[in-house]
Each structure stands twice: as structure tokens, then as C-alpha cells.
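If you read the sequence from its start, that first residue is 1, and numbering goes on from there.
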Amino acid sequence: RVKNNLSVVSGLLTLELDAISDEKAKEVLVSAKSRIMSIARVYDNLCRGFDVEEVEFGSYVDDLINSLYDTCVFDREMITFPRQIESFTLDIKRAVPLCLIINEFVMNAVKHAYPPPMKGEIRLKITREGGDAVITVSDDGVGKSDEENEKSMGTHLVRMLASQIGGTISGLRRHEKGTSVEIRLTL
């Protein structure tokens with residue numbers, strides 16, 4: 001039921017997108033739609049499983065990236081998504097915010113790292129280190145300046161979400177070979 005309601009909201013945003021000519025407004029709605037669909041994917045995975053308290057996080061994130069790739073990357077030769085994902089289960093109260101964080105960083109890279117005709121890759125690595133999950137999202141594009149990153153709504157959103165789940169975000173930096181960020185969460 002939650003997934004269906006989120007799909008309806010996403011559909012309404014799509015209708016609004018068709019009626020808007022302002023590119024900045026379209027960008028905001030596309031980001032909102034992406035966030036909503038990210039949450040809907042978690043609920044879809046819950047409906048498929050037997051345990052409604054936990055999700056198999058690696059599989060879910062892989063589905064999320066495939067979906068983002070399908071909906072946001074129009075030229076598959078321009079941006080690739082190599083990933084290394086270690087699987088583990090995660091409770092739903094932390095899975096949803098963590099997926100929103102990953103969604104935010106991947107969408108940011110898609111939107112800002114590769115102005116045409118630049119090609120590149122957005123890398124995702126999820127590993128376990130001791131009792132922690134470590135998620136690294138990086139790209140080899142031009143990115144935004146560190147100052148722009150710190151002032152963006154997306155950065156404020158991911159810091160709030162990380163705090164909500166007891167996670168930390170570090171290394172949000174533009175460097176010579178792109179931008180990278182690390183999210184760490186105790187399992």
C-alpha cells in the first residue's frame with residue numbers, strides 16, 4: 001500500500017514535469033521523484049520478502065543503481081556504474097535513510113560530474129569493516145566545488161539522514177580525479 005501511494009506521488013510529479021518549462025524547477029522535481037522512488041523500492045523489497053523488519057541491503061542497492069541508471073542516464077556510453085557490493089541485512093529504519101543518502105550522492109554525480117561531451121564512471125563500493133558498513137560513492141568528473149557541496153540542500157539532507165541513523169559522512173571533497181564521499185554506519 002505504501003509503495004502504491006509513493007508511485008502515485010511519483011506519477012503526479014511526472015505530470016508536473018511535463019507542464020514545466022523552467023529547467024531549475026524540473027531539476028528539483030526530478031530529484032524529488034528520485035527520492036520518492038528510492039523509498040518505494042525499499043517497500044517493494046519488503047513486500048517480496050518474509051521479514052518486514054529487515055532488507056537484504058546489497059541486493060536492494062544494486063536494484064536502486066540499476067533503476068537510477070535506467071531513468072537518469074540517457075547515453076550509456078557516457079556514464080558507467082562499476083560497483084562492488086558486499087551483502088548484509090539492515091533494519092528498515094536505517095535502510096530507507098541510507099538508500100536516500102546513496103541516491104542523493106549518485107544523482108548529484110549524474111547531474112554535475114560530467115558536462116557533455118565528458119565521459120566517466122560513478123563508482124559504488126559497499127563493504128563491511130569490523131562491525132561497520134562502509135559505503136563509498138566516487139566519480140571521476142568535474143563535480144561541484146567544496147563550497148557548493150557544503151551549501152547545497154542535498155548535503156544538508158544527507159547529513160541529517162546520517163545523523164538520524166547514527167552514521168557519519170566524511171570525505172565529501174572534490175579532488176583532481178572527481179568527487180568522493182564515505183558513509184559509515186555501525187551494523
Rounded distance (nearest 0.5 Å) linking atom CG of D140 with atom OG of S180: 11.5 Å

Between L90 and Y60, is the side-chain contact (heavy atoms from CB on, under 4.5 Å) condition met? List the steps. CA-CA 10 Å; L90 190 62; Y60 170 72; over 6 Å; no

Partners passing salt bridge (charged side-chain N to carboxylate O under 4.0 Å, His left out) against D62 (at least two apart in sequence or in another chain): R83

Is there a side-chain contact between I183 and T168 (heavy atoms, below 4.5 Å)? no

When you group the ILVMFWY residues by side-chain heavy-atom contacts below 4.5 Å and let the links chain together, are V134 and V61 in the same group? no

Please answer whether the main-chain N or O of A109 pairs with a side-chain N or O of D139 as donor and acceptor at a distance below 3.5 Å. no

Can you tell me how far CG of L64 sits from OG of S59, rounded to the nearest 0.5 angstrom? 11.0 Å

Is there a side-chain contact between K125 and T127 in this structure, where contact means two heavy atoms from C-beta onward sitting under 4.5 Å apart? yes

May I ask you to test the I169-V181 pair for a side-chain heavy-atom distance under 4.5 Å? yes

So, for G120 and Y114, which heavy atoms are closest and what is the spacing to 0.1 Å? CA-CE2, 3.4 Å

Quick one: which residue pairs count as a salt bridge (Lys or Arg N to Asp or Glu O under 4.0 Å) with a foot in residues 89-101, not counting sequence neighbours? D91-R94

Results of side-chain contact (heavy atoms from CB on, under 4.5 Å) for P115 - residues two or more places apart only: M118, V142

Nearest 0.5 Å, please: how far is CD in Q164 from CD1 in I101? 8.5 Å

Smallest separation among heavy atoms of F57 and A95, with atom names: CE1-O, 4.0 Å

So do the side chains of L124 and I126 get within less than 4.5 Å of each other, counting heavy atoms only? yes

M107 CE to L100 CG distance, which is reported to the nearest 0.5 Å: 12.5 Å

With sequence neighbours left out, write down each residue that passes side chain to side chain donor-acceptor pair (under 3.5 Å) with T136, or none if nothing qualifies. none

Partners passing ring pair (Phe, Tyr, Trp, His ring centres under 6.0 Å) against F105 (at least two apart in sequence or in another chain): none

Partner residues of P82 under the side-chain contact (heavy atoms from CB on, under 4.5 Å) criterion, sequence neighbours left out: T80, E121, R123

Atom CG of N103 and atom CG of L98: how far apart are they, to the nearest 0.5 Å? 11.5 Å

Between L185 and I165 the two heavy atoms that sit nearest each other are CD1-O, 3.1 Å

Please name all residues satisfying salt bridge (charged side-chain N to carboxylate O under 4.0 Å, His left out) with R128, sequence neighbours left out, ordered by chain then number. none

Which pairs, with at least one residue in residues 98-120 and sequence neighbours excluded, count as a salt bridge (Lys or Arg N to Asp or Glu O under 4.0 Å)? R35-E104

Enumerate the residue pairs fulfilling salt bridge (Lys or Arg N to Asp or Glu O under 4.0 Å) with a member in residues 178-187, sequence neighbours excluded, ordered by first and then second residue. E129-R184, D132-R184, E182-R184

Using the rule that two of Ile, Leu, Val, Met, Phe, Trp, Tyr join whenever any of their side-chain heavy atoms come within less than 4.5 Å, decide whether F81 and I85 are in one cluster. yes

